[in-house]
There are 2 protein chains.
Amino acid sequence: MYTNNIFSVNMYIQILNKGFIFMFRYREVYSDIKRDILTNHYRAGHALPTQDELANKYDISRITLKKSIHLLEEEGLVFSKQGSGTFVRQRMNNQSGELLPLDLPVGVTYSHRDQKITSKILYFDARLPSKEEQKNLQIKGNEPVYEIKRLRLINGEKYSFEHTLMPVSIAPLDEKIIQGSIYDYLGSKAKLQLTDAQRIVYAEAADEEAASILGVKAASPLFVIKQTAYDQRGRAFEYSISKFIGDQSQFVLDVHLNK
Amino acid sequence: MYTNNIFSVNMYIQILNKGFIFMFRYREVYSDIKRDILTNHYRAGHALPTQDELANKYDISRITLKKSIHLLEEEGLVFSKQGSGTFVRQRMNNQSGELLPLDLPVGVTYSHRDQKITSKILYFDARLPSKEEQKNLQIKGNEPVYEIKRLRLINGEKYSFEHTLMPVSIAPLDEKIIQGSIYDYLGSKAKLQLTDAQRIVYAEAADEEAASILGVKAASPLFVIKQTAYDQRGRAFEYSISKFIGDQSQFVLDVHLNK
DNA sequence: TAGTGGTCTAGACCACCTG
DNA sequence: AGGTGGTCTAGACCACTAC
């Protein structure tokens, strides 16, 4: 029976793999449990079934199940208490619903919410990188970079001012492409995905350029994200500085220590 | 030999466990590899030894080693490439070295850097919570909360303005305690540890109170962190608003998608 | 004492990258 | 084709919580 079990699971993965949808078992189980939490099938403050029960239900080993649970923990949906159980966390205070996850690219969030994100191109050219840019993008001084300045709009409303640098060697760009989502383009064209990023965040007073572009008073507070983006192969492919209107954008971050 | 191996590892854990230092094997290995990376024994851009080699070196199973590697990945120190190896990430651009991790309590960071963090108490009292506070702390309207306003100083320099709310039921506080680290006190007194937190961050113009306390001009940009802190049992035990001087504090966050 | 989650093992097979 | 990381398994033992 166990052998049978192993076989069936592997077959299952293979089928998925060679078919259209590809997913690992622990991701499927994670998604399934997540749905059950979000639909209140598992209620906030209450315990999930035990790990043994869940492993049994999904016909997977406990180790695999733990991997699923671990994803839920990282997402802040549940927490485990040794000797006691795994509990659904109380729903967070969602305030105005206008919070953006700080650990996701901004574009992703808004697309998911069916809001229309557009861009007005302010500047587009290629040039050689400065010392600082060479360091951030891990490239040499003779490798040209695209420089892009865009005003991003959500449903037509001014939202953020983005200054982006990308090595030309990553993929050819043109005005039409940068009108939309660069990430989408890079995903299909260069098979390149954002998998890691370092973000430096701070508040600053708007300089004249940012103020006029965003339509706010000079010196009004801006929220700034400086991001270096890495693809699945560990290559830095983008360095960007995004400035958001202070009293208009709030970001949320779930922090999990230990473990 | 394998049985011997299992035995020795378990003994090892037991000894540590009943002795003074307690640590899991995967944490030890994680720390060891991390040290080797930080000391440039494993160099940026290069591959680590293979997982098999490392597992062998530390005399642990590959699964346990993978757990160690996973911690390093989460920390942004390495990245793994299937079929190729595990590579040390290029050191991030550390700028002025004044970056604070956004996913750690601020106090922890500075203590680790041997910098002296002190507090000037501006306000300390207890009262009943507002509706919003009840929601954030998951308490009822008749459960009193402490309200604390502190100016935090690093090496005597004005650093942040913190407004903290904590249910009285968590642990008794007094002026002496809140002079230092509340978390340290809660850890020893109430056996309570911060394990999770939700942080909402944004930029705002300083109001008069914040401006005068932090010694900046009114309307100058502040970086604000609104935090709800949860203990290891999933209980919200603190709600705080921290305001940092804009051009003085930058925060860093490593983002990892997928996996 | 019983039950639950945490850590760890040895081993198998697969996907992916590089020659 | 060989090597490397990714996923998954069955099973053992320990730590912690609650009754």
Side-chain angles (χ1 to χ4, degrees), chain A residues 1-18 22-30 47-56 58-73 78-87 191 195 232-234 258-259, chain B residues 1-18 22-30 47-56 58-73 78-87 191 193 232-234 258-259:
Chain A
M1 176 207 175
Y2 286 131
T3 310
N4 212 338
N5 192 357
I6 294 172
F7 184 67
S8 68
V9 169
N10 284 348
M11 281 303 289
Y12 182 32
I13 290 172
Q14 277 189 334
I15 291 166
L16 284 178
N17 205 352
K18 290 178 180 167
F22 172 70
M23 227 185 193
F24 297 113
R25 201 70 185 96
Y26 72 87
R27 274 210 158 273
E28 292 188 324
V29 171
Y30 150 80
L48 296 183
T50 68
Q51 293 189 355
D52 278 336
E53 285 168 354
L54 285 172
N56 225 313
Y58 289 108
D59 200 21
I60 59 177
S61 73
R62 194 160 78 100
I63 284 195
T64 302
L65 177 79
K66 277 175 67 55
K67 217 163 169 180
S68 310
I69 298 284
H70 187 66
L71 287 176
L72 294 168
E73 284 179 331
V78 306
F79 62 93
S80 291
K81 216 164 118 189
Q82 190 172 5
S84 177
T86 301
F87 299 86
K191 286 179 186 170
T195 61
Q232 68 274 22
R233 297 171 53 197
N258 287 332
K259 176 83 39 57
Chain B
M1 178 209 175
Y2 285 133
T3 311
N4 212 340
N5 192 357
I6 293 173
F7 184 66
S8 67
V9 168
N10 284 347
M11 281 303 289
Y12 182 55
I13 290 172
Q14 277 190 336
I15 290 164
L16 284 178
N17 203 350
K18 289 178 181 169
F22 172 71
M23 226 184 193
F24 297 113
R25 200 71 184 94
Y26 73 86
R27 276 213 156 269
E28 291 188 326
V29 171
Y30 150 80
L48 295 183
T50 67
Q51 294 189 355
D52 278 335
E53 285 169 356
L54 284 172
N56 225 312
Y58 290 109
D59 200 22
I60 59 178
S61 72
R62 193 160 78 100
I63 284 197
T64 302
L65 177 78
K66 277 176 67 55
K67 216 163 168 180
S68 310
I69 299 284
H70 187 66
L71 287 176
L72 294 168
E73 285 180 330
V78 305
F79 62 93
S80 292
K81 214 163 118 188
Q82 189 172 6
S84 177
T86 301
F87 299 85
K191 287 181 184 169
Q193 286 179 314
Q232 69 273 23
R233 295 170 56 197
N258 286 335
K259 171 87 41 51

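A quick note: this is a predicted structure, and the numbers were derived from the prediction, not measured. Residue numbers start from 1 in every chain, and the chains themselves are labelled A, B, ... in the order their sequence lines are given, proteins ahead of strands.
Residue whose closest nucleotide on DNA chain C sits further toward the 5' end, between A:K66 and B:L65: A:K66.
Residues meeting the ring pair (Phe, Tyr, Trp, His ring centres under 6.0 Å) test with B:Y58, sequence neighbours left out: none. B:E53 pairs by the side chain to side chain contact (heavy atoms under 4.5 Å, CB included) definition with B:P49, B:T50, not counting sequence neighbours. Partners of B:N56 according to the side chain to side chain contact (heavy atoms under 4.5 Å, CB included) rule, which considers only residues two or more places apart in sequence or in another chain, do not exist here. The ring pair (Phe, Tyr, Trp, His ring centres under 6.0 Å) check on A:F87 picks up A:F79, with sequence neighbours excluded. The side chain to side chain donor-acceptor pair (under 3.5 Å) search around B:S80 returns B:E73, B:T86, not counting sequence neighbours.
Between B:Y26 and the phosphate of C:dT7, there is a side-chain N or O to OP1/OP2 separation shorter than 4.0 Å.
For A:R25, counting side-chain heavy atoms from C-beta on, the closest listed nucleotide (C:dT7, D:dG6, D:dC8) is D:dC8. Distance from the side chain of B:E73 is smallest for D:dG6 among the nucleotides C:dT9, D:dG6, D:dT7.
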At a cut-off of 3.5 Å, list every protein nitrogen or oxygen paired with a nitrogen or oxygen from nucleotides 2-4 of chain D, distance to 0.1 Å.
from	atom 1	to	atom 2	distance (Å)
D:dG3	N2	B:G83	O	2.8
D:dT4	O2	B:G83	N	3.2

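For the pair A:F79 CZ and C:dT4 P, the computed distance is 17 Å after rounding to whole Å.
Base contact: B:S61 has a heavy atom under 4.0 Å from a base atom. As judged by a 4.0 angstrom heavy-atom cut-off over every strand, B:I63 is placed among the base-contacting residues. Residue A:K67 is in sugar-phosphate contact alone, with no base atom involved, counting any heavy-atom pair closer than 4.0 Å across all strands shown.
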